[in-house]
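To start, the structure under review is shown below, and the notes come after it.
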Protein chains: 2
Amino acid sequence: MSQRQSKSEAAGNRESERRRTILRAAIDVFARKGYHGCRIADVAREAGVAYGLVYHYFKNKDELLETVVETGWSGFVSRMRAVAEDEGNSLEQKVRGIADVAFEAYRVDPRAVKVLILEVARSPAGTQVVSRQQAYLDTIRMAADMFARAQATGELRADLDPMLCASLLFGAIELGLTAFVSGLMEDRSPEALERAKLQIAESFLRGVIPGAATSAEAAWKQEKVSSGTRPKAGKRS
Amino acid sequence: MSQRQSKSEAAGNRESERRRTILRAAIDVFARKGYHGCRIADVAREAGVAYGLVYHYFKNKDELLETVVETGWSGFVSRMRAVAEDEGNSLEQKVRGIADVAFEAYRVDPRAVKVLILEVARSPAGTQVVSRQQAYLDTIRMAADMFARAQATGELRADLDPMLCASLLFGAIELGLTAFVSGLMEDRSPEALERAKLQIAESFLRGVIPGAATSAEAAWKQEKVSSGTRPKAGKRS
DNA sequence: TCCCCGGCTGATTGGCGAATCAACCGGCCG
DNA sequence: CGGCCGGTTGATTCGCCAATCAGCCGGGGA
């Protein structure tokens with residue numbers, strides 16, 4: 001921090017350093033105490049900045065949350081869309097890809113993901129600002145379209161409702177991540193994350209793909225063997 | 001205090017009518033605007049009761065929510081526990097049973113379920129009162145135990161993490177219900193609910209049960225045929 | 001009849017925290 | 001050097017809402 005950074009010149013791209021400090025602090029505080037459970041003063045303190053400055057960069061508390069969420073969510077969605085709408089991918093690849101995107105986001109910035117899960121996916125709806133709610137629902141709809149297309153090509157069982165498939169996939173990913181966020185999974189190592197990601201994708205795919213054994217299945221068995229003794233499961237006989 | 005009730009006669013079992021009116025109103029209002037998004041005045045108005053009376057029956061706003069949640073959740077949990085811990089049931093029956101319990105609860109009182117999902121399952125954690133958070137996590141742990149036992153008897157793939165299985169099952173049910181609560185599913189008829197419940201249980205089971213085809217599978221196909229033309233799937237353009 | 005008592009009422013209070021604002025600082029330009 | 005200006009500060013204001021409380025009402029008992 002604190003290289004003077006050409007005040008008068010350029011700086012157009014360089015979004016104020018301070019602003020970003022505040023944004024970062026907001027993520028951390030929101031993750032720790034939740035949006036409603038914290039005051040602006042907390043964010044300011046965390047950022048090491050005067051109370052009033054927060055209002056210099058953000059219209060109000062809600063815009064602060066909105067900004068945090070918008071940036072995080074749009075990144076996630078665009079990555080996910082790229083995977084879901086690339087028709088070079090099989091359904092299986094798409095599902096795996098989506099799980100990848102979600103878990104990678106968590107690996108990179110767990111606290112930001114926590115905020116997204118808490119304040120977007122699980123926002124108390126109702127009177128709540130519609131935009132967040134809407135963004136989430138739109139994402140599910142996008143996935144539902146993906147599944148509908150997969151049904152047309154026979155990659156997905158015809159007897160399933162695409163919308164419900166989408167809900168299920170997101171439910172699985174969301175609660176999977178929540179298990180980490182909430183501390184239900186004690187082992188939070190990258191390997192544990194990787195294992196969880198695989199289990200989620202595998203289970204989901206086995207559940208919705210036509211026919212009995214999938215290539216996923218084979219790949220999984222392969223993986224299991226090649227990685228030597230599995231670290232966790234299977235200690236009860 | 002106040003086991004007085006039964007002013008003139010009998011009524012011993014009859015928990016104050018008023019109290020229940022208020023509780024009911026609280027459920028409706030919480031479902032509509034969320035706990036944080038409503039004031040006590042809203043609850044009082046909905047109940048057609050004076051503001052102060054709410055405080056006559058409940059210590060404070062939080063106890064009101066606590067009571068709503070406690071009653072609803074404990075009912076759900078005990079039903080679920082009965083299913084999950086009845087060792088006469090196969091894993092498949094247990095999973096189906098749990099889905100039954102959840103969806104039946106929704107059918108009977110959607111708004112109460114909405115509140116539970118919003119304020120228990122998806123509460124912003126953090127500084128939040130721990131009890132709700134805890135109740136939810138405990139329930140997941142209970143399911144995890146169920147899956148661990150199923151692994152011991154070979155009813156569940158050995159390569160899966162029981163805790164993750166539990167999270168996945170709840171994720172599937174929760175988001176499945178959320179799809180209805182949030183209006184993603186336009187068709188909210190009892191039949192649509194029933195279909196969703198089946199799809200969730202089927203998909204989940206196919207995903208986690210050892211071997212390729214399950215009895216679930218057979219039963220499902222059976223069901224499909226005997227019920228004539230499937231009501232919904234397959235008319236996508 | 002009158003009084004007592006518990007359920008009930010709703011205006012009032014108190015505290016909290018979002019949002020404002022007047023003043024301050026230090027660089028830069030004329 | 002002096003005045004301007006954008007970024008920065010934090011005490012102050014203001015509205016909102018949970019929680020209180022003084023008192024009302026109606027029935028039942030003496």
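For clarity, every value in this text was computed on a predicted model and none was experimentally measured. Here is the naming used below: chain letters follow the sequence lines, and residue numbers restart at 1 for every chain.
Atom C1' of nucleotide C:dC16 and atom CD1 of A:Ile40 are separated by 14 Å, given to the nearest angstrom. Summarising the geometry, the separation between CG on A:Leu64 and C1' on C:dG17 is reported as 15 Å, rounded to the nearest angstrom. The separation between A:Glu66 atom CD and C:dA18 atom P is 17 Å, rounded to whole Å. Straight-line distance from the NZ atom of B:Lys61 to the P atom of C:dG15: 20 Å, rounded to whole Å.
An angle of 30°, rounded to 10°, separates the two end axes of the helix from C:dT1-D:dA30 to C:dG30-D:dC1, each defined over five pairs.
Of the residues in residues 43-60 of chain A, those placing a heavy atom less than 4.0 Å from an atom of DNA chain C are A:Tyr51, A:Tyr55, A:Asn60, in numerical order.
For A:Lys197, the side chain to side chain donor-acceptor pair (under 3.5 Å) partners two or more places apart in sequence, or in a different chain, are A:Asp100, A:Glu194. The side chain to side chain donor-acceptor pair (under 3.5 Å) test applied to B:Glu104 returns B:Arg107, not counting sequence neighbours.
For residues 169-193 of chain A, no residue pair satisfies the ring-ring contact (aromatic ring centres under 6.0 Å, His included) rule, not counting sequence neighbours. A side chain to side chain donor-acceptor pair (under 3.5 Å) check over residues 171-183 of chain A, counting only residues at least two apart or in different chains, returns the pairs A:Arg122-A:Glu174, A:Tyr136-A:Glu174, A:Glu174-B:Arg122.
Here the side chain of A:Glu119 pairs a donor or acceptor atom with the backbone of A:Tyr35 at under 3.5 angstrom. Between the side chain of B:Lys61 and the backbone N or O of B:Arg39 there is no donor-acceptor pair closer than 3.5 Å.
Side-chain N/O atoms of A:Arg39 include none lying less than 4.0 angstrom from OP1 or OP2 on C:dA18.
Between A:Leu64 and A:Leu23 the shortest heavy-atom distance is CD1-CD1, 3.9 Å.
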Worked check of side-chain contact (heavy atoms from CB on, under 4.5 Å) between A:Phe147 and A:Leu160: CA-CA 9 Å; A:Phe147 284 117; A:Leu160 303 180; over 6 Å; no

